[in-house]
Amino acid sequence: LRGGRWDRRVAETMIDVRKGIGMTSARTRDRLVQRLRDQGIRNEAVLEQIRNVPRHLFMDEALASRAYEDTALPIGLGQTISQPYVVARMTEALLDGFEGETVLEVGTGCGYQTAVLAPLVKKIYTIERIPELLRRAKQRLRQLDIYNVQFKPGDGWEGWAKYGPYDGIIVTAAPDHVPEKLLEQLAPGGRLIIPVGPQGVQDLVKITNCDDHNEQVSLGAVSFVPLVKGSTE
Ligand code: SAH
């Protein structure tokens, strides 16, 4: 893993110190990884990240005992932490044949997806519309020694033109159509992973910026909170 500063042993020691071993034991994490394997996740680097990233640190202590279940959970402010399978699937799709360096992420939320992806790419630019969530995500990633992420409070519908175009864009909230600005900020050969559609019936799609057209493939049904228009600032 490029840039991963903590290996599995270090991560586990850290967790042991912070929370006690029971709920975050190696066996609990192995079980989650095995489940994702059974569901078709093949990228070993991604699976290793799912094993390494202490998901329970991204949620309230009251729910932490469920952190290694393969399910989305509430994180407050009306938002959720994504299901590990969906995080793995999106990360795998983003990285398949990826030769680039920069990724734009829309919908930082608690920062779990960011933490899974960060050691696998050179640089992530991430946007979140709720400043308080962004603040907490930033703090957590620092605690985990992840430094290749730049954060911005704002509206993901606008993208982040300043550092574009991006080799990859990953969106973890669902718009009703693909935002034009995100397509504009996709580098030649770049890929956009995005759930599209109304709540409950979204299609996860991968759009690749080929020379003179965009190629789109469907990766299956997902369920995300909506990509809301406008920032809260
Ligand atoms: N990536 C997170 C899950 C994100 S949930 C994880 O790993 O668990 C979706 C997030 O998108 C929420 O935090 C929500 O506030 C944010 N969001 C919704 N609309 C947005 C917009 N227009 N711009 C930026 N973020 C947005």
Side-chain angles (χ1 to χ4, degrees), residues 32 36 46 49-50 52-60 63-64 66-94 103-121 124-141 144 146 149-164 166 168-182 185 192-200 202 204 222-233:
L32 173 60
L36 301 191
V46 171
Q49 280 302 102
I50 295 283
N52 281 346
V53 175
R55 189 167 182 259
H56 65 284
L57 296 184
F58 291 79
M59 48 183 62
D60 286 345
L63 280 172
R66 302 185 56 195
Y68 299 92
E69 291 176 16
D70 186 26
T71 176
L73 291 164
I75 56 166
L77 298 163
Q79 305 305 321
T80 52
I81 180 169
S82 297
Q83 180 189 356
Y85 171 75
V86 174
V87 171
R89 182 94 176 89
M90 291 178 81
T91 310
E92 185 172 70
L94 183 82
V103 173
L104 174 68
E105 179 189 48
V106 173
T108 321
C110 63
Y112 177 65
Q113 167 75 71
T114 325
V116 169
L117 181 61
L120 306 176
V121 298
I124 300 180
Y125 298 87
T126 189
I127 311 175
E128 167 58 52
R129 69 180 285 279
I130 302 177
E132 177 59 15
L133 286 180
L134 193 72
R135 192 186 65 74
R136 289 184 216 162
K138 204 173 189 170
Q139 206 171 33
R140 284 188 192 101
L141 295 178
L144 297 174
I146 294 171
V149 180
Q150 202 155 323
F151 303 83
K152 174 182 151 97
D155 181 7
W157 280 91
E158 300 299 318
W160 193 350
K162 186 172 175 192
Y163 297 103
Y166 302 93
I169 301 180
I170 183 166
V171 183
T172 62
D176 55 4
H177 64 277
V178 179
E180 202 53 45
K181 294 268 176 61
L182 297 185
Q185 291 170 28
L192 165 63
I193 312 293
I194 185 168
V196 184
Q199 215 155 4
Q202 299 147 6
L204 183 63
V222 284
S223 178
F224 278 91
V225 298
L227 187 71
V228 180
K229 281 238 170 141
S231 75
T232 56
E233 295 202 307

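Just follow the structure's listing: the first ligand is 1, and inside any ligand the first atom is 1.
- Nearest to atom 19 (N) of ligand 1 among the protein's heavy atoms is V228 N, 3.0 Å.
- Side chain of R55 to main chain of Y68: no donor-acceptor pair is present (N/O by atom type, distance under 3.5 Å, no hydrogens or angles).
- At distances below 3.5 Å, at least one donor-acceptor pair connects side-chain atoms of T108 with backbone N or O atoms of I127.
- Using 4.0 Å as the threshold, T108 has a heavy atom nearer than that to some atom of ligand 1.
- Taken from OG1 in T91 to CD in Q49, the straight-line distance is 9.0 Å, to the nearest 0.5 Å.
- A donor-acceptor pair is defined here as one N or O able to donate and one able to accept, closer than 3.5 Å; such a pair exists between the side chain of Q185 and the backbone of W160.
- Regarding atom 3 (C) of ligand 1, its nearest protein heavy-atom neighbour is S82 OG, 3.4 Å.
- The shortest separation from a heavy atom of L227 to ligand 1 is under 4.0 Å, placing the residue in contact.
- Below 4.0 Å from some heavy atom of W157 lie the following atoms of ligand 1, by number and element: 22 (N).
- Looking only at distances, no side-chain donor or acceptor of E128 sits under 3.5 Å from a matching main-chain atom of L133.
- The shortest N or O to N or O distance between Q113 and ligand 1 is under 3.5 Å.
- In this structure, E105 and I170 have side chains that are in contact, with non-hydrogen atoms separated by less than 4.5 Å.
- Side chains of I169 and I194 form no contact here, defined as non-hydrogen atoms less than 4.5 Å apart.
- Scanning the protein for heavy atoms near atom 16 (C) of ligand 1, the closest one is E128 OE1, 3.3 Å.
- Listed by number with element, the atoms of ligand 1 under 4.0 angstrom from any heavy atom of I81 are 8 (O).
- Using a distance-only test at 3.5 Å, with no hydrogens or angles considered, no donor-acceptor pair links the side chain of S82 to the main chain of A72.
- Looking only at protein heavy atoms, the nearest one to atom 5 (S) of ligand 1 is T80 O, 3.6 Å.
- Within the 4.5 Å cutoff, the side chain of Q199 has heavy atoms near those of the P226 side chain.
- Near I130, the atoms of ligand 1 lying under 4.0 angstrom from a non-hydrogen atom of the residue are 15 (O).
- Relative ring orientation between W157 and H177 is described as tilted, the plane-to-plane angle lying within the 30° to 60° band.
- Residue C110 approaches ligand 1 through these ligand atoms, each under 4.0 Å from one of its heavy atoms: 8 (O).
- The N/O atoms of G111, backbone and side chain alike, include none that comes under 3.5 Å of an N/O atom in ligand 1.
- With hydrogens and angles ignored, the 3.5 Å screen pairs no side-chain donor or acceptor of Y112 with any backbone N or O of M59.
- With hydrogens left out, the protein atom closest to atom 20 (C) of ligand 1 is R129 CD, 3.3 Å, a heavy atom.
- Of the N or O atoms in T172, one or more lie within a sub-3.5 Å distance of an N or O in ligand 1.
- Taking 4.0 Å as the cut-off, G154 counts as a neighbour of ligand 1 on heavy-atom distance.
- By the 4.5 Å heavy-atom criterion applied to side chains, L104 and L182 are counted as neighbours.
- Numbered from 1 in the order shown, with element, the atoms of ligand 1 that lie under 4.0 Å from a heavy atom of G156 read 21 (C), 22 (N), 23 (N), 24 (C).
- When each atom of ligand 1 is checked for a heavy atom of L133 under 4.0 Å away, the hits are 13 (O).
- Considering backbone and side-chain N/O of G107, one or more are found under 3.5 Å from N/O of ligand 1.
- Taking 4.5 Å as the limit, some side-chain heavy atom of V53 sits within range of a side-chain heavy atom of F58.
- Atoms of ligand 1 found under 4.0 Å from any heavy atom of Q79, numbered from 1 in the order shown, are 12 (C), 13 (O), 14 (C), 15 (O).
- Residue E105 has no N or O atom closer than 3.5 Å to an N or O atom of ligand 1.
- In this structure, P226 is part of the shell of residues with a heavy atom less than 4.0 angstrom from ligand 1.
- Set against the non-hydrogen atoms of G109, the atoms of ligand 1 under 4.0 Å away are 13 (O).
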